[in-house]
Amino acid sequence: MTRHLLSAADLTLADATLVLDTAAELETILATSSVGKLPTLRGRTVVTLFFEDSTRTKTSFELAAKRLSADVIGFAAKGSSVSKGETLKDTALTLEAMGADGIVVRHSWSGAPVNLARHVRGSVVNAGDGTHEHPTQALLDAYTMRQRLGRVEGLKVTIVGDVLHSRVARSNVLLLHTLGAEVTVVAPPTLLPVGVGTWPCAVSYDLDAVLPTSDVVMMLRVQRERMGVSYFPSSREYAQRYGLDVRRAERLREDTIVMHPGPMNRGVELASEVADGPRSTIVAQVANGVTVRMAVLYLMLGSAEPAIGVTL
Amino acid sequence: MSPARGTPRPVTGDRAAARTVVTAEQVGRVVDRMAHELLESVGGVSDLVLLGIPTRGVVLARRLAARIEVFSGAQVPVGALDVTLYRDDLRLKGPRALASTELPPGGIDGRRVVLVDDVLFTGRSVRAALDALNDLGRPSAVALAVLVDRGHRELPIRADHVGRNVATTLTETVHVLLAETDGEDGVLLGPADLPDADLT
Amino acid sequence: MTRPAGPGWLIQGVLPYGEGPRVDVRLVDGTIVEMGTDLSAGDCQVLDASGQVLLPGFVDLHTHLREPGREDAETVESGTRAAAAGGFTAVHAMANTDPVADNAGVVEQVWRLGAEAGHCDVAPVGAVTLGLAGVQLAELGTMADSAARVRVFSDDGLCISDAGLMRRALEYVKAFDGVIAQHAEEPRLTVGAQMHEGEHSGRLGLTGWPSVAEEAIIARDCLLAQHVGGRLHVCHVSTRGSVEILRLAKARGIDVSGEVTPHHLLLTDAAACGYDATYKVNPPLRSQDDVDAVREGLADGTLDVVATDHAPHAPQDKEAEWGAARPGMTGLETALGIVALTMVGPGLLTWRQVADRMSERPARIGRLLGHGRPLAVGEPANLVLVADTAWTVDRRQTESRSHNTPFHGTTLPARVTATFLRGVRTASA
């Protein structure tokens, strides 16, 4: 039965814990290994299908697959048949014919990985679809929290920024809830979805009220283009009300960590000094991204059947 | 799917139909003999590292180290080597969680590594362990110690130190019980396991 | 115009408007000539329709026939054949074709294609603005005077959002008894919108289409119609708020009518989970509370008609990522079944009221002669027979060229067994 990782909601507590534990083992093994590679996915073909530009996530997945000795094929939308008008369905059928075991897909339309998964026999991993989800980002964020703070359960996590348009926020809210953390989202009202009241998290418009009790503060990128359509009046006002500047960072508890999925707007949602400071886990998040994605690929492609994921 | 990491694989199959082929008392004597063999091997236990293959191989390795210390005072480093990621039969089975890999302080470079496992069967686990070892460092030599050799090798692999040879047919299963994980010592021989049993 | 009348028909044992006792009905030369019991066949072909419901032929105020321009999805011929199969004797063909039906030439072409095909009457809808651009009025009077006799004008697909322009349009068509049919959607509230704005849209990461975008325009247009004394029709009403506004407007005596589609009588925004673009439509599927409200509105007559908004699409326009897919669902062949399932079955409408909502009122709003007439001797024989036979929708078995029905696999409790256009049988099941 083919299984896919399309949403953080596809992972039960057991599945999510398995991913994090597997990543931890992989980290240990690779730290000791003189070769830096494992033969586990030899003979498996992993295709990275990126319809949206992303050097960071694409490289992370390709590195993860290569460290497991899989054959990796990168399929970039620009310059491919896709830019000549090929439909998603035809791209899927092409991949089928090539015998892709795993397909890592990033797309600008929400739901595209779901559509793709209907046409392929391989396992689809969602690397970010529109404003819907980015499950491996949430997994690496949780892994980073566990790494720095020893646990995820019971942590008070505050997610700040453009929640309305953020797939990272959606996946994190779902996964953190599964893992037993307490999540609060903070944003101006214009950047919160109408249905956010039904999400498993608290909501606040007041960053200063929430920061003192936070164990983790996760800042989201704010796109300047949103200003043009009046989501907020100016970058300056946004930074004043919702930016994690040095003054706010000083009022955080001693152990509180600051996270950001990248790429960041230095000086808007996050001050440079905070981004580069000791609380920041930004660099660790990138490194952990490869390890966590190795764990996901191993668990989905390493055996006769995937160990995690949803069937369609 | 296989049990979560850290938990030994439970005895499957019909326990009532299994018979004891090595008693608890006999297991103790066998382990002692193996410890003495290691002490008497060329080079003794200097430079020796015991690496157990999880789960019961690790327990056995710790026990051997403990007995070696009792007999000689020497403290032999013990570690764990999970071979799951190096297995050649991964695609044939359901998914497996990873167990711990922990190299002892001092590592394995230039030292004599003795791989320790509970049962030697087809030899594929050991082959995977050799591949894993290769990626992790460069031991000066590698030897193999197993509590039970049940025959039916599929690869040219032999153990240097064997606790007991137990003749089996392919449809039988061997279960090693160790007090630390199973509450008692013993080796059982029983009917076929459930379909996704390991072939070690 | 249509096919020659041919021999007459004797339809036996029917219940006019679903009301007893059973009667036989004789059709000769396109007219109902006799109604009674135990009529002799004479020269007529006999149709045993015992126990079936006889209704006036349905009139659809909102259909997309796609010709000219997208004949791969539908043509006037295939679309009207689908209409006849669904019990329709007349359809209003929306103007968002390519080229747009904003002049006498295109509307006459569409009207003529309908006449030649002969499956049902086609009343072309004229665009309100040139090219549907929302800037300048099209030649509405010339279209009204053309052979197509256009009376319904709409930029459907797009909203006439400029209040000044909408006012002028409502005023101008008074001269020839026209009606402006508005696709109510404030465009600045629906930029990039993909589905109803609610609990599901947030989770699915699809930009929301808030109910207020529809309601605000309806409120504005009702007040404009009142102010200028014009006639307004609201296409595909989908929200509770819209129904409430229409109820209030009618109470004030404003000349406004509203339509609801079959899919809005049944489906909710939960259908978008799974990203199957079969369920992508404009206006979007809404909440269960909205579905309840439009059913109540249709039952009490606040919503005057059921109109299909039949929107055929080629497969590549639907088998795509949600965001890339075109909105729209087919509906001509399933309309009657859905109304039976959602309204007649639960007792919200009687068959007589179905005749009112699906034939009499739409014919009146469209100013169509000969349709929506009483079932009585001397009236034109535009009729439909309905049996309470259950059937399951199969998207591969359609008269329509397109297969984007949201009801594939749904079992419907009633079906059209025959349709007559001026005494000629245009469909039989």
Side-chain angles (χ1 to χ4, degrees), chain A residues 1-3 5 11-45 64-65 67-71 99 101-102 122-123 291-292 294-309 311, chain B residues 1-7 49 51 53-55 58 77 79-111 113 124-125 127-140 194-199:
Chain A
M1 262 273 98
T2 305
R3 294 168 75 172
L5 181 58
L11 298 167
T12 61
L13 174 59
D15 289 343
T17 309
L18 181 60
V19 173
L20 299 181
D21 290 344
T22 305
E25 279 316 320
L26 287 169
E27 189 176 345
T28 309
I29 291 170
L30 286 174
T32 351
S33 167
S34 52
V35 170
K37 259 179 102 134
L38 296 161
T40 321
L41 293 187
R42 219 156 50 112
R44 291 293 209 204
T45 304
R67 287 201 180 144
L68 291 169
S69 301
D71 292 322
D101 297 298
S123 287
T291 322
V292 168
M294 283 177 73
V296 168
L297 290 174
Y298 164 65
L299 288 169
M300 294 187 75
L301 302 177
S303 326
E305 275 181 14
I308 57 171
T311 51
Chain B
M1 94 146 262
S2 295
R5 59 189 283 269
T7 321
V49 173
L51 278 188
I53 297 175
T55 317
V58 181
L81 181 65
D82 178 51
V83 303
T84 314
L85 294 168
Y86 287 86
R87 299 188 68 98
D88 60 10
D89 60 351
L90 271 183
R91 297 306 151 66
L92 307 174
K93 309 264 174 110
R96 300 160 165 268
L98 304 183
S100 269
T101 290
E102 280 166 33
L103 294 189
I108 57 171
D109 286 350
R111 309 179 75 166
V113 168
R124 292 187 181 278
S125 274
R127 188 212 60 78
L130 290 171
D131 278 352
L133 264 184
N134 211 36
D135 281 355
L136 288 175
R138 203 161 191 296
S140 60
L194 298 175
D196 81 333
D198 295 344
L199 293 178

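Here is the naming used below: chain letters follow the sequence lines, and residue numbers restart at 1 for every chain. All heavy atoms count here, side chains included; hydrogens, waters and symmetry mates do not.
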- Message: Ignoring hydrogens, what is the shortest heavy-atom contact between B/R91 and A/R42? Give both atom names and the distance.
- Response: NH2-O, 2.9 Å

- Message: How close do B/P95 and A/S303 get, counting heavy atoms only, and between which atoms?
- Response: CA-OG, 3.0 Å

- Query: In terms of heavy-atom pairs under 4.5 Å with chain B, which of A/R44, A/E305, A/K37 leads?
  - Reply: A/R44

- Item | Which of A/L26, A/L301, A/T32 touches chain B most, by non-hydrogen pairs under 4.5 Å | A/T32

- Message: I need the residue from B/L103, B/L85, B/L92 with the largest number of non-hydrogen atom pairs under 4.5 Å to chain A.
- Response: B/L85

- Among B/L136, B/D135, B/D88, which residue forms the greatest number of heavy-atom pairs with chain A at distances under 4.5 Å? B/D135

- Could you tell me the separation between the CD1 atom of A/I29 and the OG1 atom of B/T84, rounded to the nearest 0.5 Å? 8.0 Å

- Query: With sequence neighbours left out, what residues match A/T291 under side-chain hydrogen bond (donor to acceptor under 3.5 Å, both in side chains)?
  - Reply: none

- Message: Taking side-chain hydrogen bond (donor to acceptor under 3.5 Å, both in side chains) as the definition, give me every residue that meets it alongside B/N134, ordered by chain and number, with sequence neighbours left out.
- Response: none

- Item | Residue among A/T28, A/T22, A/D21 satisfying side chain to side chain contact (heavy atoms under 4.5 Å, CB included) with B/L98 | A/T22

